[in-house]
Every structure is written in structure tokens, then in C-alpha cells.
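Below: the structure, in C-alpha cells.
Letters go in sequence order (proteins before strands), and every chain restarts at 1.
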Amino acid sequence: MPKRKAKNDTIEGDVETPRRSSRTPSKQVKAQSTPTEVSPPPAKKSKKGKSSKTEAKEPKEAEDLDLKKDKKEAKNEKASKEKDTTPPAVEDGSKAKAPSGGRQYWLMKAEPEPRMEKGHDISFSIDDLAAKSEPEPWDGIRNFAARNNLRAMKKGDLAFFYHSSCKVPAIVGIMEIVKEHSPDLSAHDSSKPYYDPKSSPDDPKWSVVHVVFRQKLDTPITLKELKDWRAEKSHPLQNMQMLAQSRMSVSKVSAAEWEFLVGQMKDRGDVIQQ
DNA sequence: GCCAACGTTGGC
DNA sequence: GCCAACGTTGGC
């Protein structure tokens, strides 16, 4: 699932600083240096995730079942990992040799319209992100392939912000990855919309990356446009991951795809600063 | 390891 | 609200 998200963006969420603090030691130190981080919420991710499934089952599962499951999960994990890993990465031959390779590009979905998930409004829009004054943790991702993409992100990578499950699904803005992956602590809080009883603090299954707002497009690029382009022969968007796997909430965008889309944005009058 | 059943995503 | 696509679960 990459499911989408939810917004725990409530005030309370912001208050909850704890989440971040539970990161690894070294990181923790850093976190502490930043006084109140606003951490919470954003979420994005998936949608209808009814957590009922997991929760309902959980009770009856015996420990051995859990073990079995873990094995399977590991398998799935591995499978998706291989899948995603293969293609992505490398591709910036064109870029100047930056110290650590080139910048990678991504597309991350969030639902801008209110939707309740376990008593929380999980919506999160580009405007919500723009209003943040601190890096926002992209939490709630509960799908292995999407999570693996999160883990592949590097500081400095750019991502399109996509609005899903709304009137006009579209790419509405650009954000930057400012902090690489760390455990998604929302998975361990049963009151959270994306609680996952199978994940534990000592062996976190899920991850978040922190993002910051870069810009909002004056003219969004709609899903319809993306699909129309993909339908054209030999088009740069022919193999775009988000179109091929529409349910993936965090997908890879190739350099060629990014350039094509940024070119379109510029043609429409948006000033893109990269 | 295969695969059927089931659940979720997300556009329409 | 419907439903196609596809991911996950879990038996065999």
C-alpha cells in the first residue's frame, strides 16, 4: 500500500515530537538539536486502507503464525526490492559529476480531499506542505515497493507532488528530499491511521523520508494528460512507473521523464527552479 | 514455489 | 458506487 495518506497533520500530530526521536542514535542526536521539530504528519499514502484487516486478524494469530508471516514478508520484500532496484538508479550520465552521483527523481501521491481513516483526516495537499515550516515526514507508506523507493531516495533528490483520489488527479507541485529514510514510527502507534502491528520499534518495517516544499504549479499536469502522452508512439512517458503501476504511491521518475515534464511546465508558463 | 482468494488502490 | 488492476495472504 502504498496507500496514501492521511493526515495526521493535525495539531496533535505536530506536537508529537516523539516520533522522530526514536530514530537511530546518531540521528537522534541531530533531532534533538532541532528543538521542536514539527514532525508529524503528512502522510500520504494510500487510501482506503482499512486497517481493519490487519487488526482484525491480529488477535487470533499465534506467534508461530507471525513467524510464518515474517518469512513471507521477507520474501515479498525481497521480491519487490529486486524489482524496484533494478531499474531505478543510475541514470544521470548527463549530469555533471556531482560528488555523489546525480540527482534522482520521484513522484509521490497524497490525497488533497478530506477522508477519514481511523478517526483521522488523512488528507494532505500541496498547500498543506507549503504551509510547513519544518521538513515534513512522508509517512504512512505501507507497501514494500513504495517503501523501497523511499529507501532509495537521497538527500537533494526532487519529487513531483501528485494529488490523487480527487476531482482532477494531477501533478501539482515539486518538493525536495531533505532527509533520507528513517523508521516510520507511526506504524507502532495503534491510534494512528497507518498502524501496523507487525512492525516493532526494534525492527521497523516501514520508513519515511523528510521533504520540503519547493513550488506549486500554476498549471498542474493532469493524469489525463499523462495518459494521453503515454499513448503516443515513442513518447518519453511511455514507461513511466506511476502510469504502469497506478497503485504505487511512491514511484521513480526517470531523468528523461522529469525533463519532459518540466519542459511542459515551462511551456505553460510555470517557472521551474531546480 | 504456485496460485486462489481476498483486500486495496484509485480512476471514473 | 463500481470495478479493473494488482498486491498480499496463506494453503497446499
Inset, instruction - Would you kindly give the CD1-to-C1' distance between A/Ile122 and B/dT9, to the nearest whole Å? - result: 11 Å
Inset, instruction - Calculate the interatomic distance between A/Glu113 atom CD and B/dC12 atom C1'; express it in whole Å. - result: 14 Å
Legend entry - Flag for A/Trp258-A/Gln274: side-chain donor and acceptor within less than 3.5 Å: yes
Legend entry - Rounded distance (Å) that lies between atom P of C/dG7 and atom CZ of A/Phe144: 13 Å
Inset, instruction - Run the salt-bridge test on A/Arg115 and A/Glu117 with the 4.0 Å N-O cut-off and return the result as yes or no. - result: yes
Legend entry - Separation of atom CG in A/Asp228 from atom P in B/dC12, rounded to whole Å: 10 Å
Inset, instruction - Kindly say if A/Lys198 contacts the phosphate of C/dT8, meaning a side-chain N or O under 4.0 Å from OP1 or OP2. - result: no
Inset, instruction - Describe the nucleic acid contact of A/Lys167 in one word from base, sugar-phosphate, nothing, applying a heavy-atom distance below 4.0 Å. - result: nothing
Inset, instruction - Among B/dG11, B/dG10, C/dT9, find the nucleotide with the atom closest to the side chain of A/Arg247. - result: B/dG10
Inset, instruction - Could you tell me the separation between the CG atom of A/Leu243 and the P atom of C/dC6, rounded to a whole number of Å? - result: 12 Å
Legend entry - Pairing residues for A/Lys233 by the salt bridge (Lys or Arg N to Asp or Glu O under 4.0 Å) criterion, not counting sequence neighbours: none
Inset, instruction - Describe the nucleic acid contact of A/Ala244 in one word from base, sugar-phosphate, nothing, applying a heavy-atom distance below 4.0 Å. - result: sugar-phosphate
Legend entry - d(CE, A/Met248; C1', B/dT9) in whole Å: 10 Å
Inset, instruction - Would you indicate whether the side-chain heavy atoms of A/Met108 and A/Ser249 approach each other to under 4.5 Å? - result: no
Inset, instruction - Look at the side chain of A/Leu223 and decide which nucleotide, out of B/dG11, B/dG10, C/dT9, has an atom nearest to it. - result: B/dG11
Inset, instruction - Respond yes when some side-chain nitrogen or oxygen of A/Tyr194 is under 4.0 Å from OP1 or OP2 of B/dT8, and no when none is. - result: no
Legend entry - Value in whole Å for how far the C1' atom of C/dA4 lies from CD of A/Gln245: 15 Å
Inset, instruction - Provide, to the nearest angstrom, the distance between the NZ atom belonging to A/Lys224 and the P atom belonging to B/dG11. - result: 15 Å
Legend entry - Between A/Arg151 and A/Ser207, a side-chain donor and acceptor under 3.5 Å: yes
